[in-house]
Amino acid sequence: MVQIRTDRGSDRASAATGAQRRPAVPRVGRERPNSGNFELYSWYFFRISGLLLILLAITHVVIMHVVNTVDEIDFDFVADRWSSPFWRSFDWLMLVLALLHGLNGARIAIDDYVRPRGWRIFAYSVLWSVAIIFLIIGSIAIVTFNPAAAVGR
Amino acid sequence: MYHRFDAVIVGAGGAGLMAAAQLAGKVNVAVISKLYPTRSHTGAAQGGIGAALGNLEEDHWIWHMFDTVKGGDYLVDQDAAEVLAREAIDAVYELEHMGLPFNRTPDGRIDQRRFGGHTRNFGEGPVRRACYAADRTGHMILQTLYQQGIKHQVQYFNEMMMLDLLLTDDGVCTGVVALDILTGEIHVFHAKAVLLATGGFGRIFKVTSNALSLTGDGCAIAFRRGLPLEDMEFFQFHPTGIYKMGILLSEACRGEGGILRNGKGERFMEKYAPTLLDLAPRDMVSRSIYLEIRQGLGIDGKDYVHLDLTHLPAEVIENKLPDITDFVRTYMGLDPVTDLIPIQPTAHYAMGGIPTDVDGRVTIDENNTVLPGLYAAGECACVSVHGANRLGTNSLVDLIVFGRRAGRHMLQFIAENDLHPLPKEPDFRARAEVSALLDGDGTENAAAIRADLQEAMFTHAGVFRTAEGLLQLKDQLAELRHRYSRVGLRDKSRNFNMDLVETIETGYLLDVAEAVAAGALAREESRGGHFREDFPERDDANWLKHTLVYRTSGGLEMRYKPVVVTRFEPKERKY
Amino acid sequence: MVSNYRGYRPPQGMVSWALHRLAGLGVLVFLLLHIVDIFAVGYGPEAFNELLFIYRHPVFRVGELILVAGLYYHALNGVRIILVDFWSQGWKYERQMFQAVIALFLLTFIPTALLMLRPLF
Amino acid sequence: MQVHLRIQRYNPEVDAKPYFAEYDVEVEPTDRVLDALNLVKWYHDGTLTYRRSCAHGVCGSDAMRINGRNRLACKLLIRDVGTNITIEPLIGFRIIRDLVVDMEPFFEAYKSVLPFLINDDPAPVGERLQSPEDRQRFDDTTKCILCACCTSSCPITWTNDEFVGPAAIVNAHRFIYDSRDQAAAERLAILNQKSGVWRCRTVFNCTEACPRGIQVTRAIEEVKRSLLTGDVS
Ligand SMILES: Cc1cc2nc3c(=O)[nH]c(=O)nc-3n(C[C@H](O)[C@H](O)[C@H](O)COP(=O)(O)OP(=O)(O)OC[C@H]3O[C@@H](n4cnc5c(N)ncnc54)[C@H](O)[C@@H]3O)c2cc1C
Ligand code: HEM
Ligand code: SF4
Ligand code: F3S
Ligand code: FES
């Protein structure tokens with residue numbers, strides 16, 4: 001068969017960067033906000049964090065709710081568990097991933113359903129505040145937890 | 001509302017958009033269309049566009065020209081056919097450069113398939129000339145041209161229906177009047193040059209492959225304004241329409257090897273066209289089908305025959321005819337891979353229309369006097385490259401070649417001429433027509449009138465015609481016109497009033513039908529798509545001429561125009 | 001034949017998405033609550049054990065079941081979405097994968113639910 | 001046979017809000033839903049308004065919601081919907097009248113993805129070469145007739161008018177993977193924006209609704225993967 005030369009130039013390979021500038025291309029249709037690669041990373045993060053969360057969250061739920069039941073969970077149980085650095089890191093990673101994954105999902109849901117501009121900005125503000133506050137208090141809880149100190153109080 | 005443009009193009013099918021592509025970015029151009037451009041019926045064209053590229057086997061434009069002339073039963077103007085065949089090649093390449101995704105040969109060139117009436121070496125055997133994009137060539141042409149319009153920021157006025165053509169007393173075209181369907185407002189478009197590309201009028205017949213919107217608006221409006229219509233008696237019936245529905249199954253089915261079979265399972269085209277068989281020109285195949293049916297050889301003695309694709313490999317059917325396969329599955333619940341398909345001839349294409357020269361300029365008499373500022377192209381025009389019968393694929397070529405030529409000539413015309421003043425009260429007639437309907441109290445239903453018209457035309461001006469039937473038809477049309485004068489709208493709203501639109505369209509159908517009937521009655525011979533049972537032979541001595549029909553205050557008037565013969569002397573047409 | 005229907009009659013792809021979103025948001029709400037209670041751990045056993053009564057309330061028991069159901073479904077369907085995204089043939093088997101999600105969900109959730117409800121028996 | 005039609009009507013000139021009108025018409029099982037609508041319009045109620053043209057599913061005029069799903073009225077036979085038929089306009093567009101909706105935003109979104117071939121090299125004398133395989137690469141998405149069945153079936157577009165919608169992505173796909181085109185990067189950059197492909201949540205309603213059988217979600221996913229990898233082959 002004959003080898004075909006097509007116009008598949010080098011610019012096609014660098015597609016995703018959108019680096020090419022081509023003044024000849026007219027701007028037609030509606031204008032839309034440019035958000036860099038943020039949405040791409042957000043989408044990618046959903047997938048990566050989701051896969052990790054299968055490991056983390058499912059293990060967590062199985063241990064906390066299935067192997068043990070909530071009747072058996074009390075302060076001592078938690079104190080015992082968090083005496084191991086492994087479980088502390090495990091829980092912290094899960095907290096951060098789940099929080100960012102879930103709030104990112106909520107961000108998208110807000111974008112879909114809260115259309116009036118004012119309300120949307122308000123909802124975003126609440127969302128980001130929640131994200132920051134809960135990341136901080138969650139981290140404080142896990143990182144600074146000291147059973148002895150707590151008991152002694 | 002008043003608009004001023006250099007050029008106004010009415011109709012956004014292949015012809016209109018190809019012309020717009022020539023003008024876009026160079027002059028101020030508006031395209032007005034009663035449909036969104038991508039809804040135009042060019043999108044329904046399936047099979048292909050003919051051009052002697054010779055990508056798969058030897059081919060020459062002169063062979064293409066010969067086939068066009070012979071296919072048109074020698075009523076073709078040969079100077080125009082030469083332009084068509086020569087420029088087709090370049091025009092197809094231009095479409096490819098615009099992005100049209102043609103199917104490809106293994107070495108990367110445009111693929112070509114066989115089509116009815118296209119032959120090698122002046123009739124020796126079928127040749128692969130039809131360039132195609134699966135079985136949606138027209139769809140791809142329409143999309144590609146619309147895309148070019150977006151690229152060059154053409155100004156579209158969508159759902160804007162032309163109602164009137166503005167001609168001054170000294171015979172210059174200065175614009176059009178149109179109805180904005182969305183709001184019911186009347187708009188005046190003032191322009192140096194106007195192109196009519198409003199498509200065909202298959203809806204004068206009951207069973208047709210044409211869209212509901214193909215009502216001959218451009219032809220009828222020109223006709224009402226005193227311009228002639230040429231060769232209106234020649235209407236093509238395509239052999240393979242889906243039984244009862246009329247939906248087209250492209251000739252590409254037979255181009256890929258499909259066979260027509262009668263009730264006994266015989267390949268009956270062997271009797272009628274021993275060389276080209278099922279790929280003989282459409283008029284012959286349609287007539288052959290009816291002759292079989294008349295002899296009681298239809299399927300179960302009924303009025304249809306079978307299209308047989310079952311011997312073709314399933315991949316060919318699925319890959320080269322995907323849309324056809326889909327139509328057969330959707331509308332008949334049959335599978336072309338295993339089932340025979342019931343088909344019936346369907347009214348398909350108007351060879352006649354508004355007379356033009358090879359630059360798309362509208363001519364108004366037998367001396368080809370040009371009407372300055374007015375152009376026509378596409379199915380509504382008659383250059384005459386199709387003569388008495390159009391070959392498959394040649395309509396798309398016509399759109400592209402003459403749409404392009406018209407566009408280019410308009411460019412020159414606009415540069416050389418000043419804007420002519422509008423006549424006084426330019427929108428008077430259009431307003432009167434619309435308000436008579438909106439405020440009138442008639443009681444006749446336009447839909448019923450239309451249905452009776454389609455039935456009458458199908459019976460008396462279909463594949464077979466006789467003087468007796470045509471005279472009867474004339475009376476029926478007169479009665480329908482009388483009924484139409486008392487037509488009443490049921491919908492009196494201003495916004496998106498489709499009742500108003502359809503009623504106006506019915507009026508256009510009546511005009512066009514009268515012109516067709518008059519031509520058919522006048523022409524006392526049989527040629528191409530026009531078959532008179534009382535005059536079954538072609539009569540070159542008396543009838544190697546075009547008909548021009550005029551609407552005058554005293555009724556319809558016929559005049560005649562000679563056929564241009566350059567290279568090929570008329571001969572008997574055998575395949 | 002659904003007639004007299006207002007709105008859009010959801011094809012199964014839409015059902016899978018609506019459940020996914022609902023489950024995701026539901027789990028998020030639970031997560032936020034959960035962060036509040038573990039924060040309470042920092043204030044010592046009394047405060048924490050005090051809070052735990054909520055968890056032992058029957059209403060919460062049901063909520064806990066729903067949480068686990070939501071998480072299981074969301075996780076399984078998340079894998080389906082990831083397959084559609086990254087496996088070039090994924091679109092072809094979207095329906096089958098949804099059926100697999102439902103099957104796996106039942107297979108995992110029913111034993112889990114039985115285990116969780118074991119104190120009741 | 002007789003069918004019972006419930007059709008959503010709304011004429012902003014006279015009606016305060018949409019309502020349902022009911023009609024009974026006599027049709028054949030092999031008739032199209034469009035034929036039933038035509039019967040109503042022509043012989044029962046001339047004020048019923050809808051778009052239509054080709055009547056065989058190639059022009060994209062008559063997309064509407066039939067028994068809760070987006071369909072072309074001319075590509076759905078009565079025998080496949082049964083005798084109780086509810087017809088409503090497409091969701092997510094402003095209703096102009098009855099079943100006619102405002103298509104302008106749809107076409108604006110379409111235009112925003114540069115839906116035309118861009119190749120700045122001087123054109124050769126003959127055709128630009130393209131192998132049958134390269135041609136096949138984007139065959140599916142060339143079938144689009146811009147009917148809006150897909151875009152208006154997507155639950156994201158019902159509430160989020162920023163989303164460019166599946167139809168626009170389909171038409172971007174048609175050019176991104178055309179070996180003759182040189183502007184894949186621009187189109188991908190446009191679809192990488194907030195309103196672009198990432199808004200799609202793989203709901204598959206679009207694919208289910210497409211009357212041309214285009215694998216819409218597949219096309220969208222291919223664009224996503226190209227954005228991720230930079231590979232447009
Ligand atoms: C089913 C089918 C298959 C075919 N297959 C082939 C084929 O394979 N090869 C081939 O060569 N030919 C084929 N043809 C023939 C060919 O497609 C048509 O002849 C051709 O497309 C006509 O194009 P056009 O540009 O003249 O008009 P159209 O494409 O019909 O467009 C008409 C335009 O005019 C506008 N318009 C009409 N009236 C008004 C008005 N009053 N005001 C404003 N605008 C108006 C419409 O909105 C539309 O935009 C086929 C035809 C059919 C029906
Ligand atoms: C256990 C493993 C998990 C997996 C595999 C997973 C996977 C995913 C994926 C792939 C998405 C993207 C959906 C899309 O783009 O359409 C997603 C969305 C989402 N996830 Fe998860 N997820 C998991 C856990 C969680 C948890 C623990 C939460 C809650 C905190 C959560 C909340 C959400 C939300 C709210 C969304 C947005 C839904 C939408 O926009 O439709 N997920 N998940
Ligand atoms: S992709 Fe399909 S549903 Fe969407 S506009 Fe195109 S043809 Fe219509
Ligand atoms: S329905 Fe919508 S979410 Fe994506 S897969 Fe289709 S565009
Ligand atoms: S009328 Fe053309 S798609 Fe239905």
Side-chain angles (χ1 to χ4, degrees), chain C residues 1-31 66 69-106, chain D residues 3-6 8 18-20 22 65-71 78-88 90-92 140 149 152-158 197-198 200-210 214-229 231 233:
Chain C
M1 213 60 41
V2 180
S3 92
N4 297 344
Y5 184 82
R6 305 281 328 255
Y8 207 79
R9 188 156 57 91
Q12 61 88 5
M14 183 172 162
V15 174
S16 78
W17 160 78
L19 288 176
H20 190 81
R21 177 166 276 191
L22 217 69
L25 292 175
V27 175
L28 175 66
V29 169
F30 180 85
L31 175 70
I66 295 176
L71 189 69
Y72 278 18
Y73 173 78
H74 187 93
L76 287 166
N77 194 54
V79 174
R80 167 177 162 274
I81 296 172
I82 291 170
L83 283 171
V84 168
D85 288 331
F86 292 98
W87 173 34
S88 64
Q89 304 301 305
W91 58 275
K92 239 185 252 170
Y93 304 102
E94 172 258 330
R95 274 156 193 275
Q96 287 88 325
M97 287 196 290
F98 182 64
Q99 285 154 12
V101 165
I102 297 298
L104 280 172
F105 171 76
L106 294 176
Chain D
V3 292
H4 181 72
L5 299 167
R6 289 176 75 241
Q8 182 177 319
Y19 64 97
F20 276 93
E22 320 220 348
R65 204 152 26 112
I66 302 174
N67 283 358
R69 294 271 172 92
N70 286 352
R71 293 288 181 263
I78 300 287
R79 64 159 185 248
D80 299 323
V81 271
T83 52
N84 278 316
I85 307 175
T86 303
I87 303 178
E88 299 153 289
L90 296 179
I91 311 181
D140 200 35
C149 275
S152 124
S153 75
C154 173
I156 309 303
T157 66
W158 299 341
V197 286
W198 307 118
C200 164
R201 312 237 67 81
T202 49
V203 173
F204 280 94
N205 276 13
C206 50
T207 306
E208 194 272 346
C210 180
I214 298 172
Q215 289 300 334
V216 182
T217 312
R218 177 194 188 187
I220 299 173
E221 293 294 290
E222 283 175 357
V223 173
K224 287 181 188 165
R225 283 199 289 275
S226 285
L227 270 168
L228 220 54
T229 60
D231 178 11
S233 55

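FYI, side chains are in, hydrogens and waters are out, and symmetry mates aren't considered; it's all heavy atoms of this structure. Note that the structure is predicted; figures quoted are calculated from it, not measured. Numbered from 1 within each chain, the chains take letters A, B, ... in sequence-line order.
- Side-chain contact between Met14(C) and Ser153(D) is absent, with no heavy-atom pair separated by less than 4.5 Å.
- Considering only heavy atoms from C-beta on, Glu222(D) stays 4.5 Å or farther from Ser88(C) through its side chain.
- With chain C as the partner, the residue from Glu208(D), Glu221(D), Arg69(D), Gln215(D) showing the most heavy-atom pairs under 4.5 Å is Arg69(D).
- Contact annotation for Ile156(D): only side-chain heavy atoms (C-beta onward) come within less than 4.5 Å of a heavy atom of chain C.
- Rounding to the nearest 0.5 Å gives a distance of 8.0 Å between OG1 of Thr202(D) and NE2 of His20(C).
- Remark: aromatic rings of Tyr8(C) and Trp158(D) are close, center separation under 6.0 Å.
- For the pair Trp91(C) and Thr207(D), the minimum side-chain heavy-atom distance is 4.5 Å or more.
- Every residue was checked against the side-chain hydrogen bond (donor to acceptor under 3.5 Å, both in side chains) condition with Asn205(D), not counting sequence neighbours, and none meets it.
- Residues that satisfy the side-chain hydrogen bond (donor to acceptor under 3.5 Å, both in side chains) test with Asp85(C), not counting sequence neighbours, are Arg47(A).
- Heavy-atom neighbours of chain D within the stretch residues 93-104 of chain C, taken at a separation under 4.5 angstrom, comprise Glu94(C), Arg95(C).
- Proximity to chain C (any heavy atom under 4.5 Å) is shown, for Arg201(D), by both the backbone and the side chain.
- Every residue meeting the side-chain hydrogen bond (donor to acceptor under 3.5 Å, both in side chains) condition with Arg21(C), not counting sequence neighbours, appears here in chain and number order: Asp112(A), Tyr113(A).
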